[in-house]
Amino acid sequence: MYSTRHSPSNARGSDLVRQIVVLSAVSFMLIAAVIGAGAFGNTAVQDQQGGALDTSGSYLAPAGPAFSIWSVIYLGLIAYAIWQALPRQRASERQRAMGWPIAVTMVLNGLWLVAARFGTLFLTVVVIVLLLAALGWAFRTAVVTRDPRGGVVDSVLIDGVTGLHLGWVTLATVANISAWLTTVAPPSWEDAASAIGVVVLVVVAIIGLAIAWRSGWRVAPALALAWGLSWLAVERLTGTPLSTPIAIAAVIVALIVLLPPAVVSGLRLIRPSID
């Protein structure tokens, strides 16, 4: 267990460097996000790569409203960057453990938007897989270093935000790979698209449960995954391409992923000693 408490005399020169790097990383991510949103006359993300990244780009792309979760994640990362830069956080052992991996996730987040704007669709796949790996590292570190006495801010800005980021990018990675495969696979594969999509969602369920299990049934990743899966179901029922089997599978997987950690979280509220 890492303590969030510290003595100012324990501060090192590398602590200030870490704080500056985190602030620089979030600045880069936000600049990339503004450009990716279509500001300054640029093409928005969903219109880049020939529309492959749009909600109709593949059978595993969620509906547009799903992407509003980025606002929550970005606000959380901004709040974390400001909070960790406070002098009293400089020598925190948990910040020493978390600052670098979170900075890496923010840089890769921004690099994905750069790749979508200036690179190829395959390059976006490479970057998002690296982002997913970095988020796995960051969230695992958050679980290992968690201090029950750390307080609400520590819990929300580290465990909560990192968990949401991981859960959402898990599904976003699936959608990104699906979009790329859609552009390179022969048209005949579309006949089996629904069946393949259902199989992929079964794998997502396994991954979601594995994340929950390995994190002590933390609920944040499951919330983000269930959110994305729900909007995936909506898109397959109301958008194009249509696929009722994928929509049904997405709803079932959302419940499978969300219910176990939600139940455990409820028990923790009732009996705080359960952790």
Q. Only one of Val107, Leu113, Asn109 clears side chain to side chain contact (heavy atoms under 4.5 Å, CB included) with Leu111; which?
A. Val107
Out of curiosity, [X] [atom1] to [Y] [atom2], how far, rounded to the nearest 0.5 Å?
X: Leu229; Y: Leu60; atom1: CG; atom2: CG; answer: 9.5 Å
X: Gln95; Y: Asp15; atom1: CD; atom2: CG; answer: 10.0 Å
X: Phe122; Y: Leu181; atom1: CZ; atom2: CG; answer: 10.5 Å
X: Ser215; Y: Trp217; atom1: OG; atom2: CH2; answer: 8.5 Å
X: Thr170; Y: Leu135; atom1: OG1; atom2: CG; answer: 8.0 Å
X: Ile102; Y: Leu157; atom1: CD1; atom2: CG; answer: 9.0 Å

A side-chain contact here means heavy atoms from C-beta on lying under 4.5 Å apart; do [X] and [Y] qualify?
X: Leu108; Y: Thr105; result: no
X: Trp231; Y: Phe67; result: no
X: Ile248; Y: Thr244; result: yes
X: Leu121; Y: Asn176; result: yes
X: Ile252; Y: Leu255; result: no
X: Val114; Y: Phe28; result: yes

Main chain of [Y], side chain of [X]: is a donor-acceptor contact present, judged purely on distance under 3.5 Å?
X: Trp227; Y: Ala66; result: yes
X: Arg236; Y: Pro62; result: no
X: Arg18; Y: Arg90; result: yes

What's the shortest heavy-atom distance between [X] and [Y], and which atoms?
X: Ala134; Y: Val104; value: CB-CG1, 3.9 Å
X: Met29; Y: Met106; value: CB-O, 3.5 Å
X: Gly228; Y: Trp168; value: CA-CZ3, 3.7 Å
X: Phe139; Y: Asp159; value: CE1-O, 3.6 Å
X: Tyr80; Y: Gly99; value: OH-CA, 3.5 Å
X: Leu258; Y: Val219; value: CD1-CG2, 4.4 Å

Give a yes or no on whether [X] and [Y] share a hydrophobic cluster (residues Ile, Leu, Val, Met, Phe, Trp, Tyr; joining criterion: side-chain heavy atoms under 4.5 Å apart).
X: Val72; Y: Ile158; result: yes
X: Leu242; Y: Leu232; result: no
X: Leu77; Y: Trp100; result: no
X: Val143; Y: Leu164; result: yes
X: Val21; Y: Leu130; result: no

Q: Not counting sequence neighbours, which residues clear side chain to side chain donor-acceptor pair (under 3.5 Å) with Gln84? List them please.
A: none
Q: Under the side chain to side chain donor-acceptor pair (under 3.5 Å) rule, collect the residues that match up with Ser178, sequence neighbours excluded.
A: Ser58
Ignoring hydrogens and angles, write down the donor-acceptor pairs under 3.5 Å from the side chains of residues 192-213, residues two or more places apart or on other chains.
| residue | atom | partner | partner atom | Å |
| --- | --- | --- | --- | --- |
| Ser194 | OG | Ser243 | OG | 2.8 |

Q: Output yes when Arg94 and Asp154 qualify as a salt bridge under the 4.0 Å nitrogen-oxygen rule, no when they do not.
A: yes
